[in-house]
Amino acid sequence: MGAEAKTTTIFNTTFVRPAKFYLSGFSNIPHIRYFYAFLCFVYIMTVLGNGFLLSLISLVKTLHTPKYMIVFNMALADLCGSTALIPKVLDTFLFDRRYILYDACLSYMFFVIFFASVQSWTLVTMAYDRLIAICFPLRYHSIVTEQSITAILLFVWIFLVSVIATMVGLVNRLSFCRSLVVNSFFCDHGPVYRLACNDTSLNYNMASALVAILIIIPLIFIIATYVCIFIALSRTTSREERLRALKTCTSHLILVVIFFLPIGITNIAAMTSYIDSNARMINSVLTHTIPASLDPIVYALKTEEVMNAVKKLCKGINLSRMK
């Protein structure tokens, strides 16, 4: 697939940048339109669920707490991440607009990977909140404050913007003088940088660092957090207290499993065995989209404060109608 290329010379080094890339996407899958219809349904559910959760936290004052600042951040990342990916996937493959401009491809790459990283580190922040609540209950309100959570979340956003922008920026030092066909459903970092015909070792190192930042380090933090929580609970004599404390962790644990299990299986399978490209891409699409649609459902059904807030909001709406 050829496209007109632009040649740039910097410090006597010539870079060949294509005008466009071509997203290969799925190939020879019968009834693939049903899958796209399913993705459309997932996106609608994501927008409605996370939009409702964002509105609920904004409107109900009892949810204006540090814990729900983290939940708000998660819902925002879920909504933005799905919006960055699903509409473009549907536009690309439903309407066969597979060519994508070079700069648009890099922007696409940045936003999809950035919001996935924010989701991962928001789960770490939730684990920190549960750690303090269970291990240091008397000091919880003095440690987990609006100021401290704002500082943590702000640091997460700034740090991840810097890392992902650096990773995407390094693609600009590559020359693309061979195939311009990206073997993925979006401008994923790996399939794009592997098309280059000059040294990609720095890009490979950044991709490895991203796996560590997105999956390995957050999982280590979360596992270490729950080891500390279980040790603290084992010293509690009352079985009822242990169950009550664990109940406050169930929503978070479900979110962790929903997010990390699919992405972990995808990466382990890719490293240890051959996966058909269609199967890999479908699994990757679902990994990027399903957790964001399920997260608000988990919080609505498993969190007592959210259920009470919904009842309070409905009661307030009914009272205003009666007036």
Side-chain angles (χ1 to χ4, degrees), residues 40-87 111 114-134 137 140-158 160-161 244 247-256 258-259 289-323:
C40 188
F41 170 75
V42 168
Y43 182 62
I44 291 168
M45 291 298 293
T46 301
V47 171
L48 292 176
N50 287 289
F52 175 74
L53 195 55
L54 290 169
S55 302
L56 188 69
I57 294 170
S58 300
L59 293 171
V60 180
K61 289 185 178 180
T62 55
L63 298 181
H64 293 181
T65 63
K67 176 184 174 181
Y68 283 95
M69 286 173 64
I70 306 170
V71 175
F72 187 94
N73 192 74
M74 188 68 174
L76 183 63
D78 284 343
L79 182 59
C80 292
S82 291
T83 300
L85 181 66
I86 297 178
F111 284 110
F114 169 69
F115 286 115
S117 302
V118 172
Q119 289 166 348
S120 179
W121 279 93
T122 304
L123 289 170
V124 174
T125 313
M126 287 180 177
Y128 166 76
D129 172 78
R130 291 299 84 208
L131 174 72
I132 303 301
I134 292 170
Y140 176 78
H141 292 292
S142 61
I143 296 173
V144 182
T145 62
E146 288 186 10
Q147 291 77 13
S148 65
I149 294 301
T150 300
I152 291 170
L153 295 177
L154 196 59
F155 171 78
V156 165
W157 280 67
I158 293 170
L160 292 175
V161 163
R244 192 162 58 248
K247 192 178 177 182
T248 66
C249 299
T250 53
S251 295
H252 178 250
L253 285 170
I254 292 169
L255 298 186
V256 169
I258 288 170
F259 182 83
T289 56
I290 296 296
S293 65
L294 294 180
D295 288 353
I297 297 171
V298 170
Y299 256 94
L301 296 177
K302 297 294 293 182
T303 311
E304 192 176 341
E305 296 105 309
V306 172
M307 293 301 292
N308 290 336
V310 171
K311 291 172 186 175
K312 188 176 180 180
L313 190 64
C314 292
K315 188 178 178 180
I317 292 169
N318 288 333
L319 286 172
S320 62
R321 282 178 178 175
M322 288 172 68
K323 291 177 182 179

| Reported CE-to-OG distance for the pair M45 and S82, which is rounded to 0.5 angstrom | 12.0 Å

| request: Nearest 0.5 Å please: distance from the SG atom of C80 over to the CZ atom of F111. | output: 9.5 Å

| request: Might you work through the side-chain hydrogen bond (donor to acceptor under 3.5 Å, both in side chains) test for T83 and Y43, ending with a clear yes or no? | output: CA-CA 8 Å; T83 300; Y43 182 62; 3.0 Å; yes

| request: For the residue pair N73 and V118, establish whether any side-chain heavy-atom pair is separated by less than 4.5 Å. | output: yes

| message | If I take atom CE from residue M126 and atom NE2 from residue H252, how far apart are they, to the nearest 0.5 angstrom? | response | 6.5 Å

| message | Could you report the tightest heavy-atom contact between T289 and V42, atom names first, then the distance? | response | O-CG1, 3.9 Å

| Is any side-chain heavy atom of V71 less than 4.5 Å from a side-chain heavy atom of L53? | yes

| So, D129 side chain and V144 main chain: donor-acceptor pair closer than 3.5 Å or not? | no

| Main-chain N/O of W121 paired to T125 side chain as donor or acceptor, under 3.5 Å | yes

| message | A quick test of your reading: do over 12 heavy atoms of other residues, nucleotides or ligands sit less than 6.0 Å from NE2 of H64? | response | yes

| Looking only at heavy atoms, which two atoms of I143 and Y128 are closest? And how far apart? | CG2-OH, 3.3 Å

| said: To the nearest 0.5 Å, what is the distance between CG on L154 and CD1 on I149? | reply: 12.5 Å

| task | List the atom of A77, the atom of Q119, and the distance in Å for their closest heavy-atom pair. | result | O-NE2, 3.5 Å

| field | Exercise: identify the closest heavy-atom pair between N50 and A292 | value | ND2-O, 2.9 Å

| Looking at CG of L76 and CZ of F115, how far apart are the two atoms once the value is rounded to the nearest 0.5 Å? | 7.0 Å

| Does any non-hydrogen side-chain atom of F259 lie less than 4.5 Å from one of D78? | no

| message | How long is the straight-line distance from CD1 of I86 back to OG1 of T46, given to the nearest 0.5 Å? | response | 5.5 Å

| note | Closest non-hydrogen contact found for S142 with T145 is O-CG2, 3.6 Å

